[in-house]
Amino acid sequence: GNSVTQMEGPVTLSEEAFLTINCTYTATGYPSLFWYVQYPGEGLQLLLKATKADDKGSNKGFEATYRKETTSFHLEKGSVQVSDSAVYFCAPMIYNQGGKLIFGQGTELSVKP
Amino acid sequence: DTEVTQTPKHLVMGMTNKKSLKCEQHMGHRAMYWYKQKAKKPPELMFVYSYEKLSINESVPSRFSPECPNSSLLNLHLHALQPEDSALYLCASSHNPSTEAFFGQGTRLTVV
C-alpha cells in the first residue's frame with residue numbers, strides 16, 4: 001500500500017540551527033512529492049514540491065530533493081528562525097488514486113530564541 | 001488571487017442541527033477537496049470533486065453530504081453529527097487532480 005514515514009517530533013532547535021526532517025514513502029507509480037506547513041491555528045500552506053527524480057524543491061530557505069532510489073524527500077533548512085515553528089507534513093501524491101495526497105504524521109518544530 | 005476561502009471560521013452545532021460549510025476559490029481550479037483534521041493528526045481526505053463531479057468518497061458517513069454547485073464553490077452539508085465529528089474541516093483546490101493543492105484556513109467545528 002501507499003504510506004509515508006516522517007521523523008517523529010517534537011523537534012526543538014535553537015535559532016540559526018540546521019534543520020533536517022526525514023521523510024520516506026512507499027507509493028505505486030511515480031508520485032509528485034510535497035511538503036506542507038501548518039502554523040498554529042491555521043490551514044496548510046504548500047511549502048515546496050518536486051515532480052521528478054533529482055528535482056530540488058525550494059522555498060523560504062527550505063529545500064528538499066526527490067530521491068527515487070531511496071524513496072525519500074527530506075526537508076532541510078540551513079538556519080531556522082522562531083517564525084519557522086510549525087507542523088510540517090510530507091505528502092506524496094498518488095496519481096492512480098485521483099491525485100490523492102498521502103500525508104505523513106507531521107513533525108512539530110519548535111524554534112527557541 | 002491564490003486564496004481558498006472557507007466560511008465560517010468557527011461553528012458550534014448541536015447533534016440535531018443542520019449546518020453547511022462553504023468553500024470558494026477563483027483560481028479557475030477544476031478539482032476541489034474536503035479534508036477532516038483532528039488535533040495533532042494529519043488531514044484525512046473525505047471527498048474529491050473533479051470538474052464538478054464527485055470522483056472520490058472515502059467511505060464518509062452519510063451525515064456529511066458534499067455539494068459542488070459550480071466550479072468555484074464547494075459546500076459540505078452537515079446533519080445529525082456526533083461529538084466525535086468535532087474537528088478542523090479543510091477545503092482545498094487544485095488546477096486538476098494531478099497538480100498541487102492549495103488549502104483554505106479551515107472551519108473549526110465543535111459538535112455539542
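Predicted model only: the values in this text are computed from it and were never measured. All chains are named by letter (A, B, ...) in the order of the sequence lines, taking the proteins before the strands, and each is independently numbered beginning at 1.
- Residue with the most contacts toward chain B among A:G104, A:G106, A:S32: A:G104 (heavy-atom pairs, distance under 4.5 Å).
- B:L54 and B:Y89 fall within the same hydrophobic cluster, where Ile, Leu, Val, Met, Phe, Trp and Tyr residues are linked whenever their side-chain heavy atoms come under 4.5 Å apart, directly or through other members.
- At most 12 non-hydrogen atoms from other residues, nucleotides or ligands lie less than 6.0 angstrom from NE2 of B:H95.
- Contacts between A:E108 and chain B at a heavy-atom distance below 4.5 Å involve the side chain alone, from C-beta outward.
- Within a 6.0 Å radius of NZ in A:K49, other residues, nucleotides and ligands contribute 12 heavy atoms or fewer.
- Between the CD atom of A:Q105 and the NZ atom of B:K40 there is a distance of 13.0 Å, given to the nearest 0.5 Å.
- The shortest distance between side-chain heavy atoms of B:Y35 and A:L44 does not fall below 4.5 Å.
- Under the 4.5 Å side-chain criterion, counting only non-hydrogen atoms from C-beta, B:P43 is not in contact with A:Y36.
- Interface remark: B:Q6 contributes no atoms to any contact with chain A (heavy atom separation under 4.5 Å).
- Under the 4.5 Å side-chain heavy-atom criterion for grouping Ile, Leu, Val, Met, Phe, Trp and Tyr, B:I56 is not connected to A:I94 through any hydrophobic cluster.
- Rounding to the nearest 0.5 Å places CD of B:Q37 at 5.0 Å from CZ of A:F89.
- Interface remark: B:S98 contributes backbone and side-chain atoms alike to the contact with chain A (heavy atom separation under 4.5 Å).
- If you measure heavy-atom distances from A:L101 to chain B, the contacts under 4.5 Å come from both the backbone and the side chain.
- With a 6.0 Å radius and a threshold of 12 heavy atoms from other residues, nucleotides or ligands, A:K68 has its NZ atom at or below the threshold.
- Residue B:E58 qualifies as enclosed at atom CD: its count of foreign heavy atoms under 6.0 Å is above 12.
- With hydrophobic clusters built from ILVMFWY side chains whose heavy atoms lie under 4.5 angstrom apart, A:L33 shares a cluster with A:V37.
- Counting all heavy atoms, side chain and backbone alike, A:M93 lies closest to B:T99 at CE-O, 3.2 Å.
- For B:Q82, the CD atom is densely surrounded, since the number of other residues' heavy atoms within 6.0 Å is greater than 12.
- For chain A, the option among B:S94, B:A101, B:S50, B:S55 with the highest count of heavy-atom pairs below 4.5 Å is B:A101.
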